[in-house]
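Each remark here refers to the structure printed beneath this line.
Just so you know, ligand 1 is whichever comes first in the structure, and atom 1 is the first atom listed for that ligand.
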Amino acid sequence: LQRHLTHTTAAPGIGEGPASAAALATAPSIAGQAQVLDGRGVAAAWQEELAQDVQDVCARGGRPPGLGVVLVGSRPDSLLYVSRKREACEKVGVFVEVRQLSASVTQRQLEAAVTALCADRRIDGVLVQLPLPSHIDEEAIIEQFEPQKDVDGFHPINMGRILMRGRAARFIPCTALGVIELLQRSGVAMRGKSVVVMGDSNIVGMPLAMLFRDAGAATVTVLHRTSYRELFEDATSSERADQRAAAEACLPRLPGHVAAHAAGFEAGSSSGTSGGSSGAGSSEAAAAAAAAAGEGEDGGGSHRFQVDYSSTLRQAYAQGTGAAPAEQQQQQQPQQAGAGGAPRRHHAAHNTHGHHGRPQQARQAASQSPGVSELPGITRTADILVVAVGYPHLVRREWVKPGAVVIDVGINVVPRHGSEQGPQPGVAAQQQQQQQQAAAGGDAALQRGQPPARQRAPAVSDYCTADGSSRLGGWSEDSAAQQPWHVVGDVDFCDVAPVAAALTPVPGGVGPMTIAAVLHNTVQAARFNLGLEK
Ligand SMILES: Nc1nc2c(c(=O)[nH]1)N[C@@H](CN(C=O)c1ccc(C(=O)N[C@@H](CCC(=O)O)C(=O)O)cc1)CN2
């Protein structure tokens, strides 16, 4: 792990005495409120260092590091992430080649594309953007990679090295590496801590568990997906049909160029077989809509455009109006006082995820389910809690030990308060594109209402009002706040902030770190390939 961590100074840990001096100098804090772990800012600093590393590789190896990306289909989320990877590469001077293939690509065609990129002498690392359509055998694709080019670190050889204490992993999966790097750079001590990781995925939960072990955590608890499966289980098939219909109804409102534009693809510009752009109503756009409903060619797995949270919880959200009875909250969380020492009232009227009121009923519904009701008892043992479940605003303050550090890996697209419209993943992607442009300083109008970008680290008050509601159009949302949909994490940031020592926002937390980690792994791959290992 040390080999991969680029920031290993032993700063005083957050949650154990004085917080990191650097962090305190840059992050204005409200008494009793958490430090915001600013993934965007930290990733930007990391990328600057990586740009230096790229220069070094160029100077010593005679060519820049190269990344090959295979993108299958036109899922708006995948288009967006590939676009971010491409832009990050271009920014730091990494050569990047993106091959976009049709959603109907065969296994053999996809394998051929991976093989071709692996054989390209300009390319040191290759990745296939996930998820893949359900007709593709994802495992076979991953296993077909040359391990030394597997910059995602998903190949069993690379995964196995992470598992085995003392073996140096060649590549660490990017989200997991991004999380650890964010903690390190923010001065969060891991040694001796109790860590709970919600989510057992190959790409996040399991590698992270091993990385926390390597970082000296005293205990690492991984919550298996079956412990929260019920959250995703009770949508009836007719509800799924409704979701699908709602998603399909969005198609005419999805400008055909949006998804392609989001990734910077022009029709015919990519070297893949589909030519990149897909029009509204095309099979790929339909697939994206089906995916939004949790069905179709991308399979029924949970992902960010899937609006399939359980009917119980959705009903509760929809009806929810009440604050939790104070005595019940006190019983549930006797020591979890709000900022002023009094039990904090749950905000009833306003929240960012588009449901009226907030979810006392939702919590009750979840609590009635055996399994989920037991989770807060486990998550409250964590000094560091990582949530990678894919369920919007699941984790609230009663799940969090006071003074804990909370890392939110979830990315969920949910309706805004009052929005009647169905899911519009293209709009979400477009919104992110606008945010990127604004962050890059490209459009002054888009920056209106934002605090001066990057002049100071974000604080909780940038995201939440004094009464604990989310700020629409706040730090992370900028001018796209008018969109009927927005991105939230698995953690209810404003509810948790008063009890946590530090936490990540969504967007702007782990996501940007994932992108920086791709660059890190690509530079590493170039060093290996060119014999420049440090
Ligand atoms: N081959 C891979 N596929 C996928 C990976 C991966 O590591 N390798 N991870 C995710 C997607 N992903 C990178 O690929 C990724 C996800 C999210 C973000 C991000 O910056 N998110 C934003 C907010 C969300 C948004 O803008 O829509 C943020 O958190 O600020 C970057 C990369 C699955 N597939």
Numbered atoms and elements of ligand 1 in range of Ile515, under 4.0 angstrom, heavy atoms: 31 (C), 32 (C)

Between Gly511, Gly410, Gly508, flag the one that comes closest to atom 19 (C) of ligand 1 by a heavy atom. Gly511

Numbered atoms and elements of ligand 1 in range of Leu80, under 4.0 angstrom, heavy atoms: 25 (C), 26 (O), 27 (O)

Roughly how far, to the nearest 0.5 Å, is CZ of Arg40 from OG1 of Thr504? 12.0 Å

When you compare ligand 1 with Val510, is there at least one nitrogen or oxygen pair between them that comes in under 3.5 angstrom? no

Do Asp53 and Arg527 meet the salt-bridge criterion of a basic N to acidic O distance under 4.0 Å? yes

Using a 4.0 Å heavy-atom threshold (strictly under), name the region of Pro131 that reaches ligand 1: side chain, backbone, both or neither. neither

Please determine if Asp152 has a nitrogen or oxygen closer than 3.5 Å to a nitrogen or oxygen of ligand 1. yes

Between the SG atom in Cys464 and the CZ atom in Phe493, the distance rounded to the nearest 0.5 Å is 5.0 Å

Ligand-residue contact atoms, ligand 1 with Gln129, heavy atoms, under 4.0 Å: 1 (N), 3 (N), 4 (C), 11 (C), 13 (C), 14 (O), 34 (N)

Any N/O of Thr514 closer than 3.5 Å to an N/O of ligand 1? no

Between Met513 and Val42, is there a side-chain heavy-atom distance shorter than 4.5 Å? yes

Distance from Asp150 atom CG to Ile142 atom CD1, nearest 0.5 Å? 8.0 Å

Do the side chain of Thr115 and the main chain of Glu111 share a donor and acceptor less than 3.5 angstrom apart? yes

In terms of its nearest heavy atom to atom 34 (N) of ligand 1, the top option of Leu130, Asp408, Val69, Val487 is Leu130

If you count the atoms of ligand 1 from 1 in the order shown, which ones are under 4.0 Å from a heavy atom of Pro507? 23 (C), 28 (C), 29 (O), 30 (O)

Contact with ligand 1 for Ile411, non-hydrogen, under 4.0 angstrom: yes

At less than 4.0 angstrom from any non-hydrogen atom of Lys85, what atoms of ligand 1 do you find? 8 (N), 13 (C), 14 (O)

Ignoring hydrogens, what is the shortest heavy-atom contact between Ile123 and Asn529? Give both atom names and the distance. O-ND2, 4.3 Å

If you look at every heavy atom in Tyr391 and Asp490, which pair is closest and at what distance? N-OD1, 2.9 Å

